[in-house]
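This report concerns only the one structure given below.
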Amino acid sequence: MMQVVTKSLHELIPYEKNARKNDKAVPLVAKSIEQFGFKVPIVIARNNVIVCGHTRYKAAHALGIEEVPCIIADDLTDQQIKAYRLADNKVAEVSKWDKGILSLEMNEIFDFDMSDFGFEIADPVDTVEVELPQKENERERTANAYNLYEFDENRCTGIYDIPTLDKVIHTPKSLMGFNYCKSTPTQEGVGVHFFLDDYQFERVWNSPEDYCIMLADYDCVLTPDFSLYTNMPIAMMIWNIYRSRLIGQMMQDYGCTVIPTVSWAGADSYDFAFDGLPTGGTIAVSTIGVKRTKDAFDIWVQGMDECMKIVKPHNVIVYGGDIGYTFDCDVTYISNAVTDKMKG
């Protein structure tokens, strides 16, 4: 008889080569756990690496659950574990619905909105299923590459559908660059910033769910500072603002305390640069390099003026030195550790 044990969620280790992409299912599984409880244990190996149940693991993280039921597969060899992990995921792909029975079952459920769990409310009997496997696979690959399944049309704003963020009022004791996260243990009061070259955090866009889980353990996290340059095409600027907000929204869904990073690139960017930002909350900006030229300084000051007028922040976290700007709210300056080392 298999024994179910209770494990702290932080003890469990996601399998780094998990071949199954399950991000779209996480909110649905989280809703199921909310409604019915954690009824299916996570299967783990002796070393606490997850064998089956990555989606339930991510859903538990999103819900803030600290302990989960587990079954330890200590009767399987390493080869059997690898085979079982793949087989368990593959079996779900080949199962199909009996649409007549499904329709009858759905019609007898009154207390739950089954669309919360991914079911279409329309009569499934009338649904015509067209088999286009190759085309569907390519479409799925494209959707995953652009994180299209993460976009929520009910949580966006403006003519460019920029994802919106919830208001947070929070001030960390200090900030650490994202590039040090994997090599530095989490510390109380230390948040994570992305005031780095874009190549150092492009991977967050490519695999957001992996990093959202990791970053949830930190005091707070600033949204990725994808670059806006004055010589960029407007379309690229909009894309980078969109990406920053969407990742921030995902981070909030995974339980992170998220402080929006604000950036702009001249007056042409004001139409979208501040979209999706909550009013009256905490925001973060950088002053690194702002005083290198008069043009850069003027662009920063004018953009900050516009931001203060539109966003009306409760307080501002400034990464870098005081450049003489007068804020109409509380401000906290957090130094750039790299620059400080160079001065020392």
Side-chain angles (χ1 to χ4, degrees), residues 23 142-153 155-166 168 175 177-179 181 191-212 215 220-254 256 258-278 281-290 292 295-296 299-300 302-304 306-307 310-311 313 316-320 336:
D23 303 339
T142 300
N144 287 332
Y146 289 101
N147 292 317
L148 293 181
Y149 292 131
E150 306 304 333
F151 173 73
D152 185 347
E153 62 182 8
R155 301 166 67 194
C156 62
T157 188
I159 61 173
Y160 300 112
D161 289 336
I162 302 297
T164 55
L165 299 175
D166 296 332
V168 167
L175 292 172
F178 168 76
N179 51 328
C181 283
V192 177
H193 74 79
F194 290 86
F195 296 123
L196 309 162
D197 293 325
D198 290 25
Y199 77 89
Q200 297 196 65
F201 57 86
E202 190 70 30
R203 51 192 156 143
V204 177
W205 174 254
N206 295 332
S207 300
E209 71 286 353
D210 295 334
Y211 293 100
C212 287
L215 292 168
C220 65
V221 56
L222 277 53
T223 55
D225 185 39
F226 292 110
S227 294
L228 298 188
Y229 298 126
T230 54
N231 60 349
M232 266 185 176
I234 291 292
M236 289 182 67
M237 296 186 196
I238 296 170
W239 173 237
N240 278 347
I241 291 291
Y242 171 88
R243 293 201 295 164
S244 178
R245 301 286 194 273
L246 182 61
I247 293 297
Q249 193 178 86
M250 290 182 65
M251 289 173 174
Q252 287 186 329
D253 290 344
Y254 275 88
C256 298
V258 176
I259 297 175
T261 299
V262 188
S263 57
W264 54 89
D268 289 345
S269 67
Y270 296 169
D271 288 342
F272 54 85
F274 310 114
D275 283 354
L277 299 175
T282 303
I283 61 172
V285 296
S286 171
T287 57
I288 305 299
V290 167
R292 288 177 183 169
D295 285 345
I299 288 171
W300 192 94
Q302 292 162 14
M304 196 71 245
E306 189 71 12
C307 176
I310 295 174
V311 181
V316 179
I317 307 298
V318 178
Y319 184 72
N336 175 4

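What you are looking at is a predicted structure, and each value in this text was computed from that prediction instead of being measured.
- Taking CE of Met236 as the reference point, atom CG of Asn231 lies at 9.0 Å (rounded to 0.5 Å).
- The side-chain contact (heavy atoms from CB on, under 4.5 Å) check on Ile234 picks up Met237, Ile238, Asp268, Phe272, with sequence neighbours excluded.
- Here the side chain of Ser244 pairs no donor or acceptor atom with the backbone of Ile241 at under 3.5 angstrom.
- Trp264 places a side-chain N or O within donor-acceptor distance of the main-chain N or O of Ile299, the cut-off being under 3.5 Å.
- In terms of the side-chain contact (heavy atoms from CB on, under 4.5 Å) criterion, residue partners of Cys156 (sequence neighbours excluded) are, by chain and number, Phe151, Asp161.
- Between atom CD of residue Gln249 and atom OG1 of residue Thr164 there is a gap of 5.5 Å, rounded to the nearest 0.5 Å.
- Applying the side-chain hydrogen bond (donor to acceptor under 3.5 Å, both in side chains) criterion to Tyr229, with sequence neighbours excluded, gives Ser227.
- Checked by atom type and distance alone, the side chain of Thr157 never pairs as donor or acceptor with a backbone atom of Asp275 at under 3.5 Å.
- Taken from SG in Cys307 to CD1 in Ile283, the straight-line distance is 3.5 Å, to the nearest 0.5 Å.
- By the side-chain contact (heavy atoms from CB on, under 4.5 Å) test, Gln302 pairs with Tyr270, Asp298, sequence neighbours left out.
- Atom OH of Tyr146 and atom CH2 of Trp239 lie 6.5 Å apart (nearest 0.5 Å).
- Put simply, CD on Glu306 and CZ on Phe274 are 6.0 Å apart, with the number rounded to the nearest 0.5 Å.
- Residues passing the side-chain hydrogen bond (donor to acceptor under 3.5 Å, both in side chains) test with Tyr149 are Glu140, sequence neighbours excluded.
- Annotation: side chain of Val192 is in contact with side chain of Cys181 (closest heavy-atom distance under 4.5 Å).
- Residues meeting the side-chain hydrogen bond (donor to acceptor under 3.5 Å, both in side chains) test with Ser263, sequence neighbours left out: none.
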Mind running side chain to side chain contact (heavy atoms under 4.5 Å, CB included) on Val311 and Val262 for me, showing each step along the way?
-> CA-CA 10 Å; Val311 181; Val262 188; 5.8 Å; no
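- In terms of heavy-atom proximity, Val221 sits nearest to Cys256 at CG1-CB, 3.8 Å.
- Taking the side-chain contact (heavy atoms from CB on, under 4.5 Å) definition, one finds that Pro260 meets it with Leu165, Leu277, Pro278, sequence neighbours left out.
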With side chain to side chain contact (heavy atoms under 4.5 Å, CB included) as the test, would you mind laying out the steps for Leu175 and Ile317 before giving the verdict?
-> CA-CA 10 Å; Leu175 292 172; Ile317 307 298; 4.3 Å; yes
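- For Ile259 against Cys220, the heavy-atom pair with the smallest separation is CD1-SG, 4.0 Å.
- Checked by atom type and distance alone, the side chain of Thr230 never pairs as donor or acceptor with a backbone atom of Ala265 at under 3.5 Å.
- A distance-only check finds no donor-acceptor pair linking the side chain of Thr261 to the backbone of Ala284 [under 3.5 Å].
- Distance alone, capped at 3.5 Å, places no donor-acceptor pair between the Glu150 side chain and the Met250 backbone.
- Phe195 is linked by a ring pair (Phe, Tyr, Trp, His ring centres under 6.0 Å) to His193, Tyr319, counting only residues two or more places apart in sequence or in another chain.
- The line from CG of Leu148 to OG1 of Thr142 is 8.0 Å long, rounded to the nearest 0.5 Å.
- For Asp253, the side-chain hydrogen bond (donor to acceptor under 3.5 Å, both in side chains) partners are Arg155, not counting sequence neighbours.
- Smallest separation of non-hydrogen atoms from Gln252 and Val258: CG-CG2, 3.4 Å.
- Checked against ring pair (Phe, Tyr, Trp, His ring centres under 6.0 Å), Phe201 has the following partners two or more places apart in sequence or in another chain: Phe194, Phe226.
- Shown here are the ring pair (Phe, Tyr, Trp, His ring centres under 6.0 Å) partners of Tyr254, two or more places apart in sequence or in another chain: there are none.
- Smallest separation of non-hydrogen atoms from Ala273 and Arg245: O-NH2, 2.6 Å.
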Please output the side-chain donor-acceptor pairs of residues 202-209 that fall under 3.5 Å, not counting sequence neighbours, one pair per line with the distance.
{"from": "Glu202", "atom 1": "OE2", "to": "Arg243", "atom 2": "NH1", "distance (Å)": "2.5"}
{"from": "Arg203", "atom 1": "NE", "to": "Gln200", "atom 2": "O", "distance (Å)": "3.2"}
{"from": "Arg203", "atom 1": "NH2", "to": "Gln200", "atom 2": "O", "distance (Å)": "3.2"}

